[in-house]
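Everything on this sheet refers to the single structure shown next.
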There are 2 protein chains.
Amino acid sequence: MKKNGYQDIKAHIAAMIRSKQWPPGFLLPSEMDLAAQFDCARATVNRALTELADEQIIDRKRKAGSRVRDGSERIVNLKFQFPCREVTSSGKAHKYVSLKREVCAFPEALQHEGTSERALDALKLEGVHYSNDQPFQFEQTWICRDTCAESEGEMPDHSAPCLRLLQKSPYFHGSMTISVARASQEEARYLGVRTGDPLLIKDLVLTEGHGGPPVARMRMSYRASYTIAGTF
Amino acid sequence: MKKNGYQDIKAHIAAMIRSKQWPPGFLLPSEMDLAAQFDCARATVNRALTELADEQIIDRKRKAGSRVRDGSERIVNLKFQFPCREVTSSGKAHKYVSLKREVCAFPEALQHEGTSERALDALKLEGVHYSNDQPFQFEQTWICRDTCAESEGEMPDHSAPCLRLLQKSPYFHGSMTISVARASQEEARYLGVRTGDPLLIKDLVLTEGHGGPPVARMRMSYRASYTIAGTF
DNA sequence: AAGTGGTCTAGACCACTTA
DNA sequence: AAGTGGTCTAGACCACTTA
């Protein structure tokens, strides 16, 4: 008989849950009981259950125990490439052309709630990304001058703000909104479409850690033929 | 002096990396050395490093050791609610109206590569979701009859296929594509827009586990005012 | 008050990878 | 051949939560 590793235990418990033998709400045996059942140390069961909790399959609470979670409440975890990486990682030639550079207020709607009432200063950069000389992405970036040291000097015009930000603080967190909008005159010109044509928009706010103060906001526009693909 | 728990160690190492004192490519001390430095057991260091690896901050390999990862290669992990849950969880009244129900081939482009050459049978369901009596989402669902037992009988017309699928196998995996399309006559009629108006499209394929055979495909259309919001 | 999970320890064995 | 991380063990202490 094979040894019961934490992955076997995890798989076994996941199977009980998937098959509804342990339905949503079901109270799992305690770690001690499971350790006895699987003939292993409690730490081994603990690791299996901790991972199942990370995967939103069970809920765990001291004294109350571990319960099968209602699967319909699960949060989807969509994995995909960071916007600016898509071109180069598909083997295509990437080029960025800077269009504008100015100091302005950090976009209001997205200011962090905890910040002071005065408007935050931002460095705004606009540019277009090309994939094999085809316009691919129109990018507007606001870099918050209060939270991001990099503001003026170190920003060469030929490298994309999104990639520089990524280099600078690669362990980012933040929020993202995906929507549809009609092309402004400017967007239409640079993306090679007509004014009013539908575009796909990604709007990200990068923060210091989860829910921290904003570091930057990036608004990226794509032609309607663009798609976001990911797995979950 | 405070005890060094795995979270302290993890935070300390993350800080070294974020501050670039340990730059991308840097070889971390071995678990044994770190355990000595932090005056703790190797298992404690191991847990800290394992989590940092899960978060794509370091790469670990036996014998080669742990290295700081190039942050610009990180995969974004966007968390958001499952499509059909959005209405009810925002407190609005949800209603589903079934429109069509037929047997057809499982959509070709999305058939799994490992499956046989013959076309897969599917039960196709079409319907509209309402949020407070406003049309909200037009849904087309193909349920694969080879992999999903639930096909004909148990599908009452009044409950949404996406929610039933979620109830039935809540521990889903799969892939999703987000795109922009122009409304067909049918979509326009049911969503209350004009033919040719831009829509946001979510196209998901649910599979058995990661990369397994397809269980279902769902294509969801939304008016242009709809947005997808998530955090990462 | 009692039972649960969260975490740590000191040791062990081993698979894997490189030198 | 040697060093690394992956995993397990048997025990421990304790924070948290409920009954």
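Below, all heavy atoms of this structure are taken into account, side chains as well, without hydrogens, waters or symmetry copies. So you know, we letter chains A, B, ... as the sequences are listed, proteins then strands, and number each from 1.
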Is A:Arg60 close enough to C:dT4 that one of its side-chain N or O atoms is under 4.0 Å from OP1 or OP2 there? no
Using Watson-Crick or G-U wobble geometry with both distances under 3.5 Å, which nucleotide pairs with C:dG11? D:dC8
Determine: side-chain N/O of B:Thr44 to OP1/OP2 of C:dT9, distance under 4.0 Å, yes or no. yes
What's the CG-P distance between B:Leu27 and D:dG3, to the nearest Å? 14 Å
Below the 4.0 Å mark, does C:dA2 have OP1 or OP2 next to a side-chain nitrogen or oxygen of A:Lys63? no
Any side-chain N or O of A:Asn46 less than 4.0 Å from the OP1 or OP2 oxygen of C:dG6? yes
Tell me the partner of D:dT17, counting only Watson-Crick (N1-N3 plus N6-O4 or O6-N4) or G-U wobble (N1-O2 and O6-N3) with both under 3.5 Å; none if nothing fits. C:dA2
Length of the line joining A:Asp33:CG and C:dT4:C1', which is rounded to integer Å: 11 Å
Result for side-chain contact (heavy atoms from CB on, under 4.5 Å) between B:Leu49 and one of B:Leu34, B:Ile57, B:Thr44 points to B:Leu34
How many Å lie between CE on B:Met32 and P on D:dG6, as a whole number? 16 Å
Kindly say if A:Ser66 contacts the phosphate of C:dT4, meaning a side-chain N or O under 4.0 Å from OP1 or OP2. no
Could you tell me how far apart B:Asn4 (CG) and C:dC8 (P) are, to the nearest whole angstrom? 9 Å
DNA chain D: 5'-proximal contact among B:Gly65 and A:Ala43 (nearest heavy atom): B:Gly65
Among B:Tyr222, B:Phe138, B:Phe136, B:Tyr96, ring-ring contact (aromatic ring centres under 6.0 Å, His included) partner for B:His129: B:Tyr96
Any donor-acceptor N or O pair under 3.5 Å, side chains B:Ser89, B:Gln81: yes
What's B:Arg47 touching, base or sugar-phosphate or nothing? Going by heavy atoms closer than 4.0 Å. sugar-phosphate
So A:Phe172 and B:Phe232, would you call those rings parallel, tilted or perpendicular, with 30° and 60° as cut-offs? perpendicular
Without decimals, in angstroms, what is the distance between B:Lys61 NZ and D:dA2 P? 22 Å
Is there a donor in the side chain of A:Glu86 and an acceptor in the side chain of A:Tyr226, or the other way round, less than 3.5 Å apart? yes
Between P on C:dG3 and CG on A:Leu34, what's the gap in Å once rounded to a whole number? 17 Å
Quickly work out the A:Arg67 CZ to C:dG5 P distance and round it to whole Å. 11 Å
Do B:Arg42 side-chain and D:dT7 base share a donor-acceptor contact under 3.5 Å? yes
Are OP1 or OP2 of C:dG6 and a side-chain N or O of B:Gln7 less than 4.0 angstrom apart? no
Just how far, in rounded Å, is C1' of D:dC13 from CZ of A:Arg62? 11 Å
